[in-house]
2 protein chains.
Amino acid sequence: MALEHAILVSLLEQPGSGYELAHRFDRSIGRFWTATHQQIYRVLARMGTDGWITAEQVGQYGRPDKRRWSVTGTGHAVLTDWLREEVQPEAVRHELAVKVRGAAFTDRAGRVALLVEVARYRADHEAVLARYLAGERRDFPGGVPGDDRAALQHVVLRGGIAYERMVLAWLDDVLATLRGLDH
Amino acid sequence: MALEHAILVSLLEQPGSGYELAHRFDRSIGRFWTATHQQIYRVLARMGTDGWITAEQVGQYGRPDKRRWSVTGTGHAVLTDWLREEVQPEAVRHELAVKVRGAAFTDRAGRVALLVEVARYRADHEAVLARYLAGERRDFPGGVPGDDRAALQHVVLRGGIAYERMVLAWLDDVLATLRGLDH
DNA sequence: CCGATCATGTAATGTGTTACATGATTGG
DNA sequence: CCAATCATGTAACACATTACATGATCGG
């Protein structure tokens with residue numbers, strides 16, 4: 001219901017090709033909305049025919065041509081309307097929580113395997129946190145807010161940082177709990 | 001990829017009908033995996049034909065008959081195999097974060113509307129936290145762990161509590177940021 | 001010359017959502 | 001008698017994922 005809107009925000013921040021958008025959805029935007037390039041191309045095509053965005057053909061020397069999409073007046077209006085709608089409760093899908101409860105129904109070897117996997121998963125999240133903190137130092141040095149756009153991007157990044165810190169603390173709790181089970 | 005597994009865990013904890021499962025997915029399991037009754041019935045049927053679960057017809061006086069599903073040996077084996085697989089990175093979909101960044105492209109009135117909506121959303125999360133804490137007092141009084149299953153259920157609940165506290169703190173940050181923008 | 005990057009897509013399948021559909025009992 | 005709860009499903013559609021497909025240039 002909102003990939004369109006995430007794309008509108010991203011193109012308003014910076015016009016670009018489907019390929020570039022796919023990369024942003026792997027990096028900055030992907031922190032809070034994921035999408036693959038296949039999804040993005042399909043939705044861009046629909047948004048184009050609906051008049052929310054327009055493409056400008058950009059010839060590049062030694063590169064395939066690309067289409068630089070930017071948001072039209074209609075697209076901007078669609079976004080402002082959407083911003084006024086209620087925020088829907090998030091659909092939660094936390095696989096690890098299912099596995100932790102499932103650990104009650106496996107043997108000692110299975111629990112040890114889960115413990116190892118949780119430790120690996122924890123390392124992934126530690127790396128994500130490190131990336132966020134590096135991005136924060138790079139893009140928001142000194143903690144002084146620039147313009148409104150930067151202030152809003154920064155508060156979203158702080159959300160990502162807070163999320164990762166919470167996850168790491170919880171994973172420590174999970175590890176301690178798994179270690180404390182009767183074997 | 002894992003609604004089946006969430007259902008296996010839930011049925012191992014307690015056999016029950018599709019209707020009952022739908023309710024659990026509205027309450028306890030729904031904290032970390034959401035599903036509607038239509039999805040659940042479809043998946044239950046497939047799991048039944050695959051031999052992961054079996055139904056026992058339960059006649060009830062003054063109620064429609066129901067099918068009490070329970071997990072077979074095959075189903076249990078499917079679950080233990082799945083527990084050994086890698087945990088996939090979660091697909092993040094955080095609509096509010098998109099809206100916050102989108103707020104850079106709307107006018108003062110739109111930002112005020114968003115502020116009001118964030119406050120409402122915050123109240124929802126405060127209510128969820130209160131429910132979790134009440135559930136914790138009810139199901140895990142004194143903080144003394146019972147058996148393994150209770151210890152695992154409790155650590156998952158603590159994760160939900162930590163998540164809600166993190167969200168509330170971040171929403172305060174968002175509210176302060178929105179109030180601090182140049183108008 | 002080979003792998004990475006740039007750039008765009010189609011096709012098939014799987015999953016999720018919304019709407020529709022039925023019918024009984026219990027409690028107010 | 002009416003709304004809520006128990007109980008089960010189908011059908012249509014929307015959305016997401018995975019696999020397949022192409023073809024150019026740049027750097028080592």
Side-chain angles (χ1 to χ4, degrees), chain A residues 1-7 11 14-27 29-30 32-50 53 55-69 85-86 88-95 98, chain B residues 1-7 11 15-27 29-30 32-50 53 55-69 82 85-86 88-95 98:
Chain A
M1 263 305 185
L3 176 55
E4 288 91 335
H5 304 109
I7 288 176
L11 289 179
Q14 177 78 50
S17 68
Y19 186 83
E20 283 165 354
L21 277 171
H23 277 261
R24 292 184 212 169
F25 275 81
D26 255 12
R27 294 162 206 219
I29 302 277
F32 48 91
W33 205 273
T34 50
T36 60
H37 82 273
Q38 293 90 337
Q39 269 178 280
I40 290 166
Y41 279 115
R42 194 190 331 137
V43 172
L44 280 176
R46 187 172 64 221
M47 291 168 79
T49 53
D50 290 350
I53 56 176
E56 164 206 7
Q57 195 79 18
V58 181
Q60 302 181 106
Y61 301 99
R63 289 260 161 257
D65 284 5
K66 67 176 179 184
R67 291 199 260 169
R68 189 187 303 282
W69 293 99
E85 285 173 26
E86 272 201 0
Q88 297 303 119
E90 313 294 329
V92 181
R93 299 270 148 86
H94 205 323
E95 201 186 332
V98 180
Chain B
M1 266 300 190
L3 176 54
E4 289 89 336
H5 304 109
I7 288 176
L11 289 179
S17 68
Y19 186 82
E20 283 164 356
L21 277 171
H23 278 261
R24 292 184 213 168
F25 275 81
D26 255 13
R27 295 163 205 218
I29 302 276
F32 48 90
W33 206 273
T34 49
T36 59
H37 83 272
Q38 293 91 338
Q39 268 178 280
I40 289 166
Y41 281 114
R42 198 193 321 150
V43 172
L44 280 177
R46 187 171 63 221
M47 291 168 79
T49 53
D50 291 350
I53 55 176
E56 164 207 5
Q57 196 80 16
V58 180
Q60 301 182 106
Y61 302 99
R63 290 260 161 257
D65 284 4
K66 66 177 179 184
R67 292 200 261 167
R68 190 187 303 283
W69 293 97
W82 176 72
E85 286 173 26
E86 273 200 0
Q88 296 303 119
E90 314 293 327
V92 182
R93 300 269 147 86
H94 206 323
E95 199 186 334
V98 180

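Just so it is clear, the model here is predicted, and its values are computed rather than measured. In the text below, chain A, chain B and the rest are named by the order of the sequence lines, each starting its count at 1. Because only heavy atoms are used, hydrogens play no part in the values below, and waters and symmetry mates are left out as well, while side chains stay in.
- In the set D/dG9, C/dG16, D/dT17, D/dT17 carries the atom at the smallest distance from any side-chain atom of A/R42.
- A straight line from CH2 of A/W69 to C1' of C/dA7 spans 14 Å, rounded to a whole angstrom.
- Summarising the geometry, the separation between CD on A/Q39 and C1' on C/dG16 is reported as 13 Å, rounded to the nearest angstrom.
- Computed from coordinates, the A/R67 CZ to C/dC6 P distance equals 19 Å when rounded to whole Å.
- With sequence neighbours excluded, no residue forms a side-chain contact (heavy atoms from CB on, under 4.5 Å) with A/D26.
- Taking the side chain of B/R46 as heavy atoms from C-beta on, and the options C/dT15, D/dT17, C/dT17, the nearest nucleotide is C/dT15.
- With sequence neighbours excluded, no residue satisfies side chain to side chain donor-acceptor pair (under 3.5 Å) with B/E85.
- Between D/dT8 and B/Y41, a contact under 4.0 Å exists linking OP1 or OP2 to a side-chain N or O.
- Over its full length, the helix from C/dC1-D/dG28 to C/dG28-D/dC1 turns its helical axis through 30°, comparing axes from the five pairs at each end and rounding to 10°.
- Listed candidates were C/dT15, D/dT8, D/dA19. Nearest to the side chain of A/Q38 is D/dA19.
- The side chain of B/H37 lies closest to D/dT8, out of C/dT18, D/dC20, D/dT8.
- Within the structure, the salt bridge (Lys or Arg N to Asp or Glu O under 4.0 Å) test picks out the following pairs touching residues 34-46 of chain B (sequence neighbours left out): B/E4-B/R46.
- For the segment residues 15-22 of chain A, the set of residues with a heavy atom within less than 4.0 Å of an atom of DNA chain D is empty.
- Regarding A/I7, its CD1 atom lies at a distance of 13 Å from the C1' atom of D/dA16, rounded to whole Å.
- Applying the side chain to side chain donor-acceptor pair (under 3.5 Å) test to B/Q88 and every residue at least two apart in sequence or in another chain returns nothing.
- Residues A/Q57 and A/R67 meet the side-chain proximity criterion, which asks for heavy atoms closer than 4.5 Å.
- Remark: A/A91 engages B/T34 in a side-chain contact (heavy atoms from CB on, under 4.5 Å) (not counting sequence neighbours).
- Checked against side chain to side chain donor-acceptor pair (under 3.5 Å), A/E95 has no partners two or more places apart in sequence or in another chain.
- In this structure, B/H23 places its NE2 atom 9 Å from P of D/dT5, rounding to the nearest Å.
- Every residue meeting the side-chain contact (heavy atoms from CB on, under 4.5 Å) condition with A/Y19, not counting sequence neighbours, appears here in chain and number order: A/S17, A/H23, A/Y41.
- Contact between B/V98 and A/A6 at its shortest, heavy atoms only, is CG1-CA, 3.7 Å.
- Relative to the side chain of A/R93, the nucleotides D/dC15, C/dT8, C/dT17 differ in distance, and C/dT17 lies closest.
- The distance from atom CG of B/L3 to atom C1' of C/dT17 is 14 Å, rounded to the nearest whole Å.
- In this structure, B/E4 atom CD and C/dG14 atom P are separated by 11 Å, rounded to whole Å.
- Nucleotide D/dT17 holds its P atom 13 Å from the CG atom of A/D26, rounded to whole Å.
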